[in-house]
Structure formats: structure tokens, C-alpha cells
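First up is the structure itself, then whatever we jot down about it.
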Number of protein chains: 2
Amino acid sequence: MAEIYDQMNEKTKEKIQSVFLQLLEDRHFNKISVQTIAQAAGINRGTFYLHYLDKYDLLDRMEASLLEGLENHLRQLQPGPLLEEAEKGAISFQAVGVFHYIGQHEEWFRVFLGEHNQSGFHRRLKDFFVRHFLDKIIANPDFFKTATVPADYLSAFATSAFLGLIEQWLDNGLAESPAEMADMYIRIIFFIRNLDGRQ
Amino acid sequence: MAEIYDQMNEKTKEKIQSVFLQLLEDRHFNKISVQTIAQAAGINRGTFYLHYLDKYDLLDRMEASLLEGLENHLRQLQPGPLLEEAEKGAISFQAVGVFHYIGQHEEWFRVFLGEHNQSGFHRRLKDFFVRHFLDKIIANPDFFKTATVPADYLSAFATSAFLGLIEQWLDNGLAESPAEMADMYIRIIFFIRNLDGRQ
DNA sequence: TATACCAATCAACACCGTGTTGAGTGGAAA
DNA sequence: TTTCCACTCAACACGGTGTTGATTGGTATA
């Protein structure tokens, strides 16, 4: 029954994280000191250092856990069935799930992609998508048969476009449903497929 | 003949900027102090404050001057002629000029878009393009007749894609010529135009 | 030639945030 | 009762900040 210590530990960490997120909403990362975080969280400054190395460590771990959650959703997303469904005009249930996850963690994504963050989360998220997602599809020889644009540009183009979509969604205050977003995303994938052979 | 003072002043500023750029190439912005900049530039720390408010001010002004240069190239870029030329299969001379400008300021763009910068230059550059460039084209009713995707998403999508292209170009060490890049860019614009009506 | 000018220097300043320390508190577990 | 442990608290040296006032040494002007 030593779990109560873990609970205390976890509770403090959560408090630190939520306070930090709030602070990031109206202040740039550089202007947030450990002092301020501790004060706002109602803990001693020393306590912060019992949990995190410094504020960069805090940010890193929060971003990592966000990406981990996203990865769990993307892992189940198989390109094959996804495109088959889309071909039939259906919206992939799994693709909707990814947008749902983003929607559920709206503030996190908004803050980490926003102007007050500095850590290059945008770039990491882009690399993340390239690695986990679009590369599988773009590398699929059945899908992209006759591309006239080099593969790396195709990938960069598609991933950035996808990220742009997400950012616009966040800017719009999540006005569209995850299903609508998934639909738009499917459209984009099809644009890219049709990238050749027109004009 | 008081210009010699301006020359001294300008020379010091240039030295500060070039040193700062070099430092940003292998160190994160947060890890660069005014001390270090002054030392590397061979000037007194106090002298730095005669020219800039702080290191944020230095960064802001450098980014601003880079965008100003870019703006000068984009200003002359009229959507009408550009698309007419593209329609004929020609590569716009002016579009090539924009990529040429980026290529000429390779290190600046690389550093400011890279992981060591923090100021959200990516987002500012994206907003810049939305404002100066793609909006004109996308808003052109003659060009995009029947879009099924909302205009703001279309714009976000297109701009992000364009930026992705530039980033990939920089990552590739400018392996392609400005003309090739302009060609790819034209392709993308045409994809977007054909965004509707398939599938 | 004198002198006003100006970029840059230099030393010193108070200030703030950092990360670490060692000793101590209070509630839960053994 | 004693041990355990998250957390508190005060103090520390350190390093970077932005500002100050006085000074140097070339350059232009009267």
C-alpha cells in the first residue's frame, strides 16, 4: 500500500502540467520561470526540481506524452483498408479517431503549435507524421503510380498540407467535426494521387 | 561627411548579425547570451545595447528584414500573368525570382526555420504567404470555380504545402534549381485548382 | 588649432532566475 | 515506535541582464 505516495507524486505532476499549460496560453515560454510555475501550482520551487530537471524537461515530457497518445491512434491506422473505404466514399472510422484525439487534446495542440511555444513542436509533429503515416501511403506503389514530383517533395508537401489543415482547424476553434476533417483529409490524399496526369 | 559614423554603426550591426547567425547554426536561441554574441563579435557587451534592445529585438529585426526582401520580390508577382504563363507551360520568370531570393539567403531561411530558432518564424512566414500571395490567387474566382473545401482550409492547405516545399528544398541543400522549384510550385497550384471534380 | 562630435569601451551596479544543498515537517506504512 | 517519503524552507554561488557614468580615440567643423 505504498501507492498513496505515487498518487501524491502524480497529483503534483499533473498540477504542474496544468498550470504550465495555462501559463503558456498567454505568455511566451521564455517568459515563464520555474518560480512562476511553482508559485501558480502552489508548491515549493524545490519540489519542481524533484519532478523535472528544468522547464525544458517539463515541456519535452508533455510533448512526448501527447505524441505517444497520437501514436497509439495512428498505429491502428492501416493504409490499405483506409483507402479502400475512402474509394467507396466512406469516411474511415480510424481516421476520424485521429482527429477525435486531436480534438480531445485541443488545448495541448493549440498551445504547443501556438506562438508562445518555441520548442519546434511543429517540426517534430511534421516529422512524426512523415514517419508514421503518410510515408506508408506515399510509398505504396499501388496508390501513387506515376508521380512527376520527386518523392521527398511529395511527402513534404503532403505532410505540411495535412498539418496546415490541423492548424486551421484549431484556429477555427474546432468548428468542424472530426468526421468532416477526416473527409477533407481523404480529399487531400486523393488530390495527391491525382497529382500527375492533369494540366 | 558624417557618413563615416553611419558606416561604423552599420559595420558593427552587420558583425553582430553575422555572428548571431553563426551561433544559431549550432546552438539554440535560448542558449545564446548577449555576452556570447558580444564576445564572438569582438565588441563590448555595452555596445550591443547601443544597437539593439535585447537579443529578441535582434532576432525580430533580422527576420523582418528578411521578410522585407521577400516582399519586394512578391510585390511584382501578379497572379494573372503568372497563371497565364503557366497555362502555356512556361515557368514564370518572377516565380523563379522568389526562389532565387530564398536561395540567395539560404542560411537565413535555414536558421530561422530550423530547430534552433524559437520565435515561430514558420508561422509568421506562413501568415506572410497567406497575406501576400496565395490569397490573391485563391480568391480569384476565375481560377477556383468550384471548390468543395472551405476557402480558409484551401488557403491553409495550399500555403502550408508551399512552405513544406521550401523546407524540403532547404533540407535537400538546394539541390534543385530555382526554376525547378518554381515548376513544382506551379504544379501544386494546379493541383489545388483541380481539387474539385475528381473522386 | 581648438573643440565639438560620436561610436565604442570599461567597470560597476542592482536585479532576477537557476539549480543545488542540508535540515526539517507531517502523514502513512511496517 | 520507527521507518518511509513527498514536500517545505532557507541559504548558497553562479551567471546573465540592462543600465549608469566616465573615458578613449578617431573625425569633422569653426
Side-chain angles (χ1 to χ4, degrees), chain A residues 1-65 111 116-119, chain B residues 1-65 111 116-119:
Chain A
M1 260 288 208
E3 295 135 14
I4 195 157
Y5 294 127
D6 290 357
Q7 281 174 27
M8 283 178 79
N9 194 303
E10 209 49 46
K11 209 166 184 176
T12 305
K13 277 190 184 175
E14 280 169 23
K15 185 68 191 165
I16 290 174
Q17 293 194 2
S18 82
V19 153
F20 181 58
L21 213 59
Q22 273 178 270
L23 288 171
L24 265 177
E25 276 170 26
D26 58 29
R27 211 180 303 195
H28 192 281
F29 175 81
N30 288 336
K31 298 292 172 196
I32 300 173
S33 66
V34 174
Q35 305 235 37
T36 313
I37 297 170
Q39 198 173 341
I43 58 163
N44 191 274
R45 190 168 66 90
T47 306
F48 177 92
Y49 290 105
L50 294 177
H51 294 283
Y52 301 100
L53 293 175
D54 50 30
K55 62 176 185 170
Y56 302 96
D57 183 44
L58 168 61
L59 184 64
D60 283 349
R61 290 209 231 161
M62 288 178 73
E63 287 185 357
S65 84
V111 165
H116 292 148
N117 191 10
Q118 49 98 54
S119 62
Chain B
M1 259 290 209
E3 296 132 16
I4 195 156
Y5 295 125
D6 290 357
Q7 281 173 29
M8 285 176 80
N9 195 303
E10 210 48 46
K11 210 166 183 177
T12 305
K13 276 190 186 177
E14 279 169 23
K15 186 67 191 166
I16 290 174
Q17 294 194 1
S18 83
V19 153
F20 181 59
L21 214 60
Q22 273 179 270
L23 287 172
L24 265 177
E25 276 170 26
D26 59 29
R27 213 181 300 194
H28 191 281
F29 175 81
N30 287 336
K31 299 292 172 196
I32 300 173
S33 65
V34 174
Q35 304 236 37
T36 313
I37 297 170
Q39 197 173 341
I43 59 162
N44 190 275
R45 190 168 66 90
T47 306
F48 177 92
Y49 290 104
L50 293 177
H51 295 281
Y52 300 100
L53 292 175
D54 48 31
K55 63 176 184 170
Y56 301 96
D57 182 44
L58 168 60
L59 184 63
D60 283 350
R61 290 209 232 161
M62 288 178 74
E63 287 184 357
S65 84
V111 164
H116 291 149
N117 191 10
Q118 49 98 53
S119 63

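Labels below follow one simple rule: chain letters A, B, ... track the order of the sequence lines, proteins then strands, and each chain is numbered from 1.
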Stepwise side chain to side chain contact (heavy atoms under 4.5 Å, CB included) check, A:Val34 with A:Asp54:
CA-CA 8 Å; A:Val34 174; A:Asp54 50 30; 5.6 Å; no
Ignoring the backbone of A:Ile43, work out which of D:dT8, C:dG17, D:dT19 is nearest its side chain.
D:dT8
Toward the 5' end of DNA chain C, which comes first, A:Ser33 or A:Gly46, by nearest nucleotide?
A:Ser33
Identify the stems formed by DNA chain D, where each pair is Watson-Crick or G-U wobble with both distances under 3.5 angstrom and a stem is at least 3 consecutive pairs.
C:1-12 with D:19-30, C:14-28 with D:3-17
Quick one: side-chain hydrogen bond (donor to acceptor under 3.5 Å, both in side chains) pairs with a partner in residues 35-46 of chain B, sequence neighbours left out?
B:Ser33-B:Thr36
Distance in angstrom units between A:Asn44 CG and D:dA10 C1', rounded
9 Å
Between B:Lys11 (NZ) and D:dG26 (P), how many Å, whole number?
15 Å
Check the distance between D:dG16's C1' and B:Lys31's NZ and give it to me in whole angstrom.
12 Å
Contact class for A:Thr47 (heavy atom, under 4.0 Å): base, sugar-phosphate, or nothing?
base
Between the side chains of B:Gln118 and A:Asn117, does any donor sit under 3.5 Å from an acceptor?
no
Does NZ or CZ of B:Lys13 come closer than 6.0 Å to the centre of the six-membered ring of B:Phe48, within 45° of the ring's axis?
no
Is NZ or CZ of B:Lys55 both nearer than 6.0 Å to the six-membered ring centre of B:Phe20 and within 45° of the ring axis?
no
Integer-rounded Å distance: C:dC15 C1' and B:Asp54 CG
16 Å
Side chain of A:Val34 - closest among C:dG19, C:dA7, D:dT17
C:dG19
Measure from CD on B:Gln7 to P on C:dA7 and round the result to the nearest Å.
13 Å
Give a yes-or-no answer on whether the side chains of A:Gln17 and A:Tyr52 include a donor-acceptor pair shorter than 3.5 Å.
yes
Distance, rounded to the nearest Å, where A:Asp6 contributes CG and D:dC4 contributes P:
16 Å
Among C:dT20, D:dT8, D:dG16, the one nearest B:Gln35 by side-chain distance:
D:dG16
Which one, C:dT18, D:dG18, D:dA6, comes nearest to the side chain of B:Tyr49?
D:dG18
In this structure, how many angstroms lie between the C1' atom of D:dT17 and the CG atom of A:Asn30, rounded?
14 Å
Is any side-chain heavy atom of A:Lys31 closer than 4.5 Å to a side-chain heavy atom of A:Leu23?
no
CZ of B:Phe48 versus P of C:dT9: gap in Å, rounded?
14 Å
